[in-house]
Amino acid sequence: MIMERKIKLKTLNSHITCKICRGYFIDASTVTECLHTFCKSCLVKHLEENNTCPTCGNVIHQSHPLQYISFDRTMQDIVYKLVPNLQDDEMKREREFYKTRNLPCPKDLPQNHELEESGAEKANEAHAESDYHRQDEQVNVCLECISNNLKNLKRRFIRCSSQATITHLKKFVAKKVLNGMDKYREVDILCNDELLGKDHTLKFVYVTRWRFRDPPLRLQYRPRIEL
């Protein structure tokens with residue numbers, strides 16, 4: 001016979017709250033070096049001035065600590081299941097945030113998991129047979145616009161080196177839709193609704209955000225939002 005035992009939420013708080021803001025995790029993000037978890041916005045703000053973990057003080061990375069944090073979907077799902085109404089309240093706040101900036105909420109946009117058309121598929125196959133960056137590992141990428149304030153790319157499927165960074169993609173988008181590569185700082189690039197750091201390589205993004213999904217790596221772009 002299985003005995004059910006009720007546990008008060010406060011007994012779990014130390015495991016599901018952020019050590020920075022003391023609130024429940026929102027967009028729970030884990031430091032890959034030490035596995036300590038925080039709210040994403042709290043951790044990103046902390047790492048703007050520091051390169052150490054707020055809990056243990058270990059150096060995450062001397063120059064690019066943001067490359068060593070990852071969205072912890074399992075932890076976030078646990079928090080939302082344990083804390084009543086937290087997910088609904090957070091979703092409401094997020095929608096209001098984007099609404100005040102005349103932008104669609106990324107989580108409300110339909111996900112298109114099919115390639116555009118057979119012509120794009122044939123183009124990808126042709127690219128696959130070519131060696132564009134010597135012997136670099138190649139990544140197939142789909143860049144989708146999630147804002148009415150920017151144009152859609154005429155060709156949103158590209159193939160490039162896995163060592164290319166998010167900054168390279170920002171410059172590509174800026175050149176195509178803002179008519180100037182120097183405007184790349186005006187562009188945000190996201191994966192799974194998560195803002196990506198400018199120094200992330202496509203290899204890192206693929207391994208940490210797309211590992212168990214089918215190619216291409218789907219990324220979204222929008223005008224930059226000041227957080």
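The analysis underlying the following values was restricted to heavy atoms, covering all of them including side chains, and did not include hydrogens, waters or symmetry mates. Residues take their numbers from the sequence shown, with the count starting at 1.
Across all their heavy atoms, Tyr221 and Lys151 have their closest contact at OH-O, 2.6 Å. Across Thr11 and Lys8, no two heavy atoms sit closer than the pair OG1-O, 2.6 Å. Counting all heavy atoms, side chain and backbone alike, Tyr98 lies closest to Pro104 at CD2-O, 3.7 Å. Contact record, Cys34 with Asn58: CB-ND2, 4.5 Å, taken as the closest heavy-atom pair. For the pair Leu47 and Ile69, the tightest heavy-atom approach, listed with the atom from each and the gap, is CD1-CG2, 4.0 Å. Of all heavy-atom pairs spanning Ser162 and Thr201, the tightest one is O-CB, 3.7 Å.
If you take SG on Cys142 and CG on Leu219, they are separated by 8.0 Å, rounding to the nearest 0.5 Å. Here the CG atom belonging to Asp27 is positioned 6.0 Å from the CD atom belonging to Gln76, to the nearest 0.5 angstrom. The line from CG of Leu190 to CD of Gln220 is 6.0 Å long, rounded to the nearest 0.5 Å. Atom-to-atom distance recorded for Ile20:CD1 and His46:NE2 is 6.0 Å, nearest 0.5 angstrom. The distance from the CZ atom of Phe204 to the CG atom of Leu196 is 9.0 Å, given to the nearest 0.5 Å. Note that CZ of Arg209 is 8.5 Å distant from CG of Asn192, once rounded to the nearest 0.5 Å.
Between Cys191 and Leu217 there is a side-chain heavy-atom pair separated by less than 4.5 Å. Ser70 has its side chain within reach of Thr32: a pair of non-hydrogen atoms, C-beta onward, lies under 4.5 Å apart. Within the 4.5 Å cutoff, no side-chain heavy atoms of Val141 are placed close to those of Arg218. Contact annotation: the side chain of Val139 never approaches that of Arg159 to less than 4.5 Å [non-hydrogen atoms, C-beta and beyond]. Proximity of Ser29 to Phe38: side-chain heavy atoms (C-beta onward) are nowhere separated by under 4.5 Å. By the 4.5 Å heavy-atom criterion applied to side chains, Ile166 and Asp199 are not counted as neighbours.
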After noting the C-alpha distance and the side-chain angles of Thr208 and Phe71, does the key distance pass the side-chain contact (heavy atoms from CB on, under 4.5 Å) rule? CA-CA 8 Å; Thr208 59; Phe71 177 56; over 6 Å; no

Evaluate Tyr206 against Arg213 for side chain to side chain donor-acceptor pair (under 3.5 Å), listing each step before the verdict. CA-CA 9 Å; Tyr206 204 102; Arg213 302 190 183 195; over 6 Å; no

Could you walk me through whether His36 and Cys56 pass the side-chain contact (heavy atoms from CB on, under 4.5 Å) check? CA-CA 8 Å; His36 290 125; Cys56 65; 3.5 Å; yes

Thr17/Arg22 under side-chain contact (heavy atoms from CB on, under 4.5 Å): CA gap, chis, key distance, verdict: CA-CA 6 Å; Thr17 53; Arg22 306 297 178 183; over 6 Å; no

Go through Phe25 and Asp72 one step at a time and tell me if the side-chain contact (heavy atoms from CB on, under 4.5 Å) criterion holds. CA-CA 10 Å; Phe25 291 134; Asp72 194 331; over 6 Å; no

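Panel note: side chain His64, backbone Gln67; no donor-acceptor pair is recorded below 3.5 Å. Here the side chain of His168 pairs a donor or acceptor atom with the backbone of Thr165 at under 3.5 angstrom. No donor-acceptor pair closer than 3.5 Å links the side chain of Asn85 to the backbone N or O of Asp88. The main-chain N or O of Ile225 is found under 3.5 Å from a side-chain atom of Asp188 such that the two form a donor-acceptor pair.
Tracing side-chain contacts under 4.5 Å through hydrophobic residues (I, L, V, M, F, W, Y), one never reaches Tyr24 starting from Met91; they form parts of separate clusters. The hydrophobic cluster containing Tyr80 also contains Val83, counting ILVMFWY residues as joined when their side-chain heavy atoms lie under 4.5 angstrom apart, directly or transitively. In the hydrophobic clustering of this structure, Ile78 does not group with Leu43; members are Ile, Leu, Val, Met, Phe, Trp, Tyr whose side-chain heavy atoms approach within less than 4.5 Å, directly or through other members. Linking Ile, Leu, Val, Met, Phe, Trp and Tyr residues whenever their side-chain heavy atoms come within less than 4.5 Å leaves Val205 and Leu66 in two separate clusters. In the hydrophobic clustering of this structure, Leu9 groups with Leu86; members are Ile, Leu, Val, Met, Phe, Trp, Tyr whose side-chain heavy atoms approach within less than 4.5 Å, directly or through other members.
Under 3.5 Å, the side chains of Arg224 and Tyr184 contain no donor-acceptor pair of N or O atoms. Between Thr30 and Thr37, the side chains place a donor N or O and an acceptor N or O closer than 3.5 Å (distance only, hydrogens not considered).
More than 12 non-hydrogen atoms from other residues, nucleotides or ligands lie less than 6.0 angstrom from NZ of Lys19. Atom CG of Asn50 sits in a crowded spot, with more than 12 heavy atoms from other residues, nucleotides or ligands closer than 6.0 Å.
Annotation: cation-pi geometry not satisfied between Arg93 and Phe97 (NZ/CZ under 6.0 angstrom from ring centroid, within 45° of ring axis).
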